[in-house]
Amino acid sequence: MTDATQPASRGPMLAADGTPLKKSLSRALRMQKMRALALIAPLLLFVLITFIAPIADMLFRSVENQIVSNTMPRTARLLADWDGQGVPDEPVFEAAYYDLFLAAERKEHTRLGSRLNYEQTGASSLFRKSGRGLEDMGELYQDQFTDLNGDWDEPEPWAEIFGDPDWLSEQAAWDGEGRMPRFQLREGAETLLPRSAEHYAAFARFTQTEEGDSPLEEEPWSAVHTALYQDLAAADLSGYDGPRAEMLAAADALVDSPDFSRLPFRDGFAEIDEAWVQPQIWQTLKLYSPDYTPGYFLNAMDMQLTPEGMEKRPENERIYMLLFGRTLFMSLAITFSCVLLAYPVAYLLSNLPSRSANLLMILVLLPFWTSLLVRTSAWKIMLQQQGVINDTLVWLGLVGDDARLAMINNQLGTIIAMTHILLPFMILPMYSVMSTIPPSYVRAAKSLGATNWTTFWRVYFPQSVPGIGAGSILVFILSIGYYITPEIVGGTTGTFISNRIAYHISTSLNWGLAAALGAILLAVVLVLYWAYDRIVGIDNVKLG
């Protein structure tokens with residue numbers, strides 16, 4: 001074996017500390033990557049919290065619809081098997097009674113009504129009215145039991161019938177300090193009186209957790225009396241010898257007597273409001289009982305979810321597609337006007353001496369030092385028919401005093417005001433690119449016999465296109481999401497889709513529709529960005 005091959009046969013190369021060189025290099029690279037990740041971790045976390053997380057939340061809200069199934073779980077399960085024709089059967093009304101009663105105690109029925117009011121006008125007032133009327137349905141049975149035996153109007157008998165003995169002793173010994181013992185059902189209560197046990201347990205736990213009171217001191221809900229009536233009508237208590245057996249036996253006999261008054265749940269709901277015996281409210285509940293729904297996106301596209309499927313809204317209710325089209329058109333018009341006004345300014349700045357260019361740049365940046373509301377309000381004053389611009393045009397004789405231009409509360413006013421506001425965002429990218437174009441290129445073209453126009457169009461302009469692209473993307477994306485300026489100067493015909501998004505977030509509180517509109521707007525921007533990249537190439541966009 002020669003000396004040249006000897007080192008290779010001795011094994012892998014080692015580092016100074018004796019570890020294999022390859023392993024040592026890998027560890028060094030890994031440590032370098034971890035240090036780099038630690039440096040960018042704060043920025044990455046900031047982006048995740050302030051950008052990625054809000055977008056993910058918006059996308060989730062645009063399809064999330066769990067309020068119906070969470071507020072009326074029994075009703076939602078039964079409506080899933082309903083064919084949607086006519087009015088549901090009595091079991092659905094029974095489930096709705098108990099669901100809405102508990103929701104009313106938790107003050108959640110109004111939130112559900114507000115959600116369904118987005119889909120059916122009048123649902124909000126119907127649920128608010130029903131929250132008050134359900135108490136009357138249960139009082140029919142409560143009054144009859146109380147007339148039979150006054151103890152049915154006291155909390156102790158109920159607690160003795162349904163409460164576990166150990167819980168009863170712990171609850172009775174509770175002095176208001178520390179944590180209240182959690183309610184436990186008596187063994188066998190669910191078998192003997194299933195409905196009563198379920199709803200008394202709901203009452204007891206609600207009283208403990210939501211109100212902080214003892215079930216031994218609070219009279220049960222009237223819905224518990226309704227459940228007791230249903231159980232006594234169906235149960236056989238002949239073998240029961242537990243707590244308050246005589247009270248239950250007397251109540252059982254009362255329920256079986258012909259003098260006992262009964263009220264079907266459907267009739268009780270009809271007494272509250274006739275809308276409950278119409279199919280529309282039940283169809284709406286069925287359509288929006290799943291946890292996730294396309295309803296918000298359909299509404300955002302001027303469509304609606306009906307029992308027959310997806311349908312277009314009536315002609316007089318289609319506004320969102322019009323607003324999307326208007327937003328795109330006006331954003332493009334603002335971008336184009338900014339290009340026309342910014343290009344000569346940026347050209348002048350890039351070809352002036354540094355002292356003069358810096359002075360003019362201060363004038364370009366001066367609007368940033370003024371409040372956006374102040375600038376927009378100033379345009380509102382200047383553009384009105386008795387404003388400065390119309391007065392000047394009348395003074396110059398360009399328009400008659402009786403034919404003043406309407407430049408406010410319309411699309412023209414929005415374009416003028418937003419062009420002024422966004423113009424610096426177009427000038428700065430153009431100037432940064434134009435300032436890097438060597439003047440020698442222009443001189444060389446002229447020395448070869450090119451005219452001023454040919455020199456500009458074939459030599460200078462192509463090199464400034466990246467600045468135009470950067471400024472156009474910046475201005476277009478800013479303008480498509482603007483809502484303050486269109487709200488002030490746009491009127492009814494100059495507002496953007498962002499104004500409706502702001503309205504649904506702050507006024508109507510329809511966050512699902514606002515999220516759907518925002519998601520569609522985001523998708524439109526991404527599609528336009530993709531088209532720009534395919535046509536122009538995003539690599540050609542430069543900021544200097």
Side-chain angles (χ1 to χ4, degrees), residues 60-135 137-138 194-195 198-199 202 221 223 226-227 230 234 263-299 303-311 313 510 512-513 516:
F60 175 73
R61 285 181 180 272
S62 65
V63 296
E64 185 269 336
N65 189 55
Q66 298 176 12
I67 184 172
V68 179
S69 59
N70 288 342
T71 308
M72 301 183 68
R74 302 176 183 85
T75 310
R77 286 193 295 270
L78 293 178
L79 287 177
D81 299 326
W82 178 50
D83 60 5
Q85 303 299 317
V87 179
D89 297 331
E90 182 72 4
V92 178
F93 282 93
E94 176 187 340
Y97 168 77
Y98 289 114
D99 284 339
L100 284 177
F101 195 101
L102 182 58
E105 292 294 331
R106 293 174 174 171
K107 304 296 188 295
E108 295 177 350
H109 65 298
T110 54
R111 292 178 56 245
L112 176 59
S114 299
R115 165 66 186 97
L116 296 178
N117 201 68
Y118 302 146
E119 316 301 335
Q120 180 182 334
T121 304
S124 179
S125 60
L126 175 63
F127 276 77
R128 190 178 301 110
K129 182 179 180 181
S130 300
R132 298 188 296 265
L134 291 175
E135 188 74 28
M137 293 175 60
R195 289 185 180 87
E198 176 187 0
H199 297 292
W221 298 328
T226 305
Q230 289 186 282
L263 178 67
F265 290 103
R266 173 172 173 159
D267 294 345
F269 274 93
E271 289 181 4
I272 295 174
D273 197 297
E274 285 294 325
W276 283 114
V277 290
Q278 303 296 325
Q280 289 81 8
I281 186 64
W282 298 105
Q283 290 171 350
T284 303
L285 279 168
K286 177 179 173 64
L287 287 173
Y288 291 93
S289 57
D291 291 344
Y292 302 97
T293 176
Y296 291 124
F297 278 101
L298 293 176
N299 289 336
M303 300 180 69
Q304 58 186 341
L305 195 62
T306 67
E308 290 75 29
M310 302 177 186
E311 295 180 357
R313 286 191 171 274
N510 191 349
L513 180 55

Check whether any side-chain heavy atom of [X] lies under 4.5 Å from a side-chain heavy atom of [Y], and answer yes or no.
X: P88; Y: L79; result: yes
X: S289; Y: S69; result: no
X: L116; Y: V68; result: yes

Which heavy atom in [X] sits nearest to a heavy atom in [Y], and how many Å separate them?
X: A275; Y: I281; value: O-CG2, 3.4 Å
X: L78; Y: A95; value: CD1-CB, 3.7 Å
X: A223; Y: Y98; value: O-CE2, 3.7 Å
X: E271; Y: L263; value: OE2-CD1, 3.9 Å
X: A227; Y: H199; value: CB-CD2, 3.8 Å
X: M72; Y: L285; value: SD-CD2, 4.1 Å

- Name all residues meeting the ring-ring contact (aromatic ring centres under 6.0 Å, His included) criterion together with Y118; count only those two or more places apart in sequence or in a different chain, and write none if there are none. none
- Message: Angle between ring planes, F60 versus Y292, binned at 30° and 60°: parallel, tilted or perpendicular?
- Response: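 Rings of F60 and Y292: perpendicular, over 60°.
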Using the test side-chain hydrogen bond (donor to acceptor under 3.5 Å, both in side chains), find all partners of [X] that sit at least two apart in sequence or belong to another chain.
X: N299; value: E119, R313
X: T284; value: Q120
X: R74; value: D99, E198

- Check side-chain contact (heavy atoms from CB on, under 4.5 Å) between R266 and all other residues, then give those that pass, not counting sequence neighbours.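 For R266, the residues satisfying side-chain contact (heavy atoms from CB on, under 4.5 Å) (neighbours in sequence not counted) are V87, E90, F93, V277.
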- Query: Who pairs with T293 by side-chain contact (heavy atoms from CB on, under 4.5 Å), at least two apart in sequence or on another chain?
  - Reply: N65, R115, Y288, Y296, L305
